[in-house]
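Quick notes on the structure that follows.
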Amino acid sequence: HISPNTSPKIDTVQNHAGSTNAPSTLAYDVIIIGAGASGLFCALTAGKRGRRVLVIDHANKAGKKILMSGGGRCNFTNYDIEPKHYLSSNPHFCKSALSRYLNWDFIGMVSQYQIPYHEREHGQLFCDTSANDILQMLLTECRANQVTIQLKTTIQQIQALPDNTGFVLTVNQQANQQANQPANQKSSEQTLTCHSLVVATGGLSIPTMGATGFGYQVAQQFGHTIVPTSAGLVPFTFTDKIGDAIKSLSGVSFEVIAFNERISFRLPVLFTHRGLSGPAMLQLSNYWQVGEPIFINLFPSLDMAAFLAEQKKQHPKQLIRTVLNDHIGAATLPKKVMSTLQNLLWQDMAETELANIKDEKLAQLGEQLNAWRLTPSGTEGYRTAEVTRGGVATDKVSSKTMQSQLQPNLYFIGEVLDVTGWLGGYNFQWAWASGFVAGEVV
Ligand code: FDA
């Protein structure tokens, strides 16, 4: 590594002196591709060490996802960060970085900046005022440490220098648009060199916010493999009768246990006009594969088979909906849900008194109410997903530094890697932690 003392000056070298259209060469210690959560955090960390850092982004604004996160309030971390809150082909990969940059470290920084924040359920920490507070904190730290952020810049080519001493990037920076500008002045080509190159381009979610698969291409260029990607933390969609029934309950939300054979979450479900959403569904989506069923325990606090058997003894003349409504329904499930469930699950016995329903049938219904089986037709996809599952395989990346084991001085941080967090501030904590450990060594 080039130590801060011996690092090259940032020189602008005009390749063809006097020619304004000629590409220029700029030399940095570190170039980070992606001015998102992990890229900015890596930049300010490296900047503090005296490294000359350039952050490039093709978007017209840094940190767009930070701004839209947590409904505009940015759920920036969680009081309870543990490796079990992350999915990856290698579940151990996240451990080292998470243990070296803690949630408390980030909370300390937020407190130092006097950003007001509050805790919500399950240890989630949100800004009181705006996600912009977090973005401004990161940008202020970047400025204070002489980090250069260059927006509206696309990368044409990345080449490793001979002897692995660094990289040369050919980029195009779009000029600020002015009326009647000749086409050849709308962008300018630059050649950039750096010792360390950090890929922080995030995942594929929300393409309208600038998400691209560019990081995966760079990884493949240097021999890395990509764990197949899919939308994570995303609502489920349904077709047919179930789809219509769910649509009819649009806006209804209540607590359930959503589960499959891998995991369960006791959280609210939200019915929408497109399908099932809410924290329970978003969390479960991280553990779901196309074609698989999901299960919803509609009465998480009751063994419904036992409950219905007991009601049959106590109130033999009553109907199923009456005992559900009278004895538990009003307290747990909105009325609208009860009639929809009746249409779907016990239409054939809707008008039959409990005494006349076979024990076996009641028990079956009870089991269904505790484990309502639904098979989503899909998810809403990257258009609304909060994260991307899969990504750059971690097998050839150092878990301590995020450095590629295939190409010296190349790093991958944040969501571009095959590390996916739960809902609740876990993805940002991964962005800070992975950005930090790379920022300490680049
Ligand atoms: P991030 O996406 O932040 O940044 C990547 C950057 O790379 C972008 O600026 C992009 O423009 C740039 N880029 C991409 N391709 C490029 C290219 N070809 N050339 C140049 N630049 C390129 N997490 C959490 O913990 N708490 C929360 O509250 C939320 N809320 C939330 C809401 C919504 C709507 C979404 C979509 C996501 C969240 N998340 C979240 C997830 C969180 O936003 C996400 O995991 C992190 O932003 C990932 O940080 P990265 O730095 O890896 O990517």
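As the structure lists them, so they are numbered: ligands from 1, and atoms in each ligand from 1. Numbers here simply count residues along the sequence, with the first being 1.
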Shortest protein contact, [atom] (heavy atom only):
atom                    : result
atom 21 (N) of ligand 1 : H58 N, 3.3 Å
atom 18 (N) of ligand 1 : F214 CB, 3.1 Å
atom 25 (O) of ligand 1 : F428 N, 2.8 Å
atom 49 (O) of ligand 1 : A37 CB, 3.7 Å
atom 44 (C) of ligand 1 : E415 OE1, 3.1 Å
atom 15 (N) of ligand 1 : T212 OG1, 2.6 Å
atom 1 (P) of ligand 1  : G36 CA, 4.1 Å
atom 33 (C) of ligand 1 : E386 CG, 3.8 Å

**Asked** Is R49 salt-bridged to E440, cutoff N-O under 4.0 Å?
**Response**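 No, R49 and E440 are not salt-bridged.
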Does a donor on one side chain and an acceptor on the other come within less than 3.5 Å for [X] and [Y]?
X    : Y    : result
E141 : Y113 : yes
S230 : R389 : yes
N172 : Q156 : yes
Q403 : S398 : no

**Prompt:** CZ/F76 to CG/L138 distance, rounded to the nearest 0.5 angstrom?
**Reply:**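 Interatomic distance, F76 CZ to L138 CG, rounded to 0.5 Å: 11.5 Å.
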Where on [X] is there a heavy atom closer than 4.0 Å to ligand 1, on the side chain, on the backbone, on both, or on neither?
X    : result
Y426 : backbone
A62  : neither
D57  : both

Ligand-residue contact atoms, ligand 1 with [X], heavy atoms, under 4.0 Å:
X    : result
G34  : 6 (C), 7 (O), 12 (C)
A385 : 36 (C)
S69  : 27 (C), 28 (O), 29 (C), 30 (N), 31 (C), 32 (C)
N427 : 23 (N), 25 (O), 45 (O)
G414 : 52 (O)
I206 : 36 (C)

**Request:** Before signing off on this row, confirm whether A59 and ligand 1 have an N or O atom pair separated by under 3.5 Å.
**Result:**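 The answer is no, given that A59 and ligand 1 share no N or O pair closer than 3.5 Å.
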**Message:** Using a 3.5 Å cut-off on N or O atoms only, is T153 in polar contact with ligand 1?
**Reply:**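 By distance alone, the answer is no.
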**Prompt:** Any side-chain heavy-atom pair from L233 and N286 closer than 4.5 angstrom?
**Reply:**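 Yes, side chains in contact.
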**Prompt:** Hey, are the side chains of Y101 and T45 touching, using non-hydrogen atoms and a 4.5 Å cut-off?
**Reply:**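 Not in contact.
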**Request:** Return the orientation label for the F428 and W432 ring planes: parallel under 30°, perpendicular over 60°, tilted otherwise.
**Result:**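 Rings of F428 and W432: parallel, under 30°.
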**Asked** Aromatic rings F106 and F41: how do their planes relate, parallel, tilted or perpendicular, breaks at 30° and 60°?
**Response**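 Plane angle between 30° and 60°, so tilted.
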**Item:** Cation-pi geometry met for R120 and F126 (6.0 Å, 45°)
**Value:**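 Yes, R120 sits over the ring of F126.
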**Asked** Are H58 and F214 near enough that their ring centres are under 6.0 Å apart?
**Response**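 No, the ring centres sit 6.0 Å or more apart.
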**Asked** For G213, is the nearest heavy atom under 4.0 Å from an atom of ligand 1?
**Response**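 G213 does not count as a contact of ligand 1 under the 4.0 Å cut-off.
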**Message:** Contact between ligand 1 and G425 is defined here as a heavy atom of the residue under 4.0 Å from a ligand atom; is it met?
**Reply:**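 Heavy atoms of G425 do come under 4.0 Å of ligand 1.
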**Message:** If you apply the rule side chain to side chain contact (heavy atoms under 4.5 Å, CB included), what do you find for V199 with L410, and how did you get there?
**Reply:** CA-CA 8 Å; V199 178; L410 176 66; 4.1 Å; yes
**Message:** Tell me the nearest of G215, G435, A200 to atom 5 (C) of ligand 1, using heavy-atom distances.
**Reply:**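 Nearest heavy atom to atom 5 (C) of ligand 1 lies in A200.
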**Heavy-atom proximity to atom 2 (O) of ligand 1, best of K65, Q429, Q150, K152** =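 Among K65, Q429, Q150, K152, the closest heavy atom to atom 2 (O) of ligand 1 belongs to K65.
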**Evaluation steps, side chain to side chain contact (heavy atoms under 4.5 Å, CB included), between I107 and V110** = CA-CA 5 Å; I107 294 165; V110 167; 5.5 Å; no
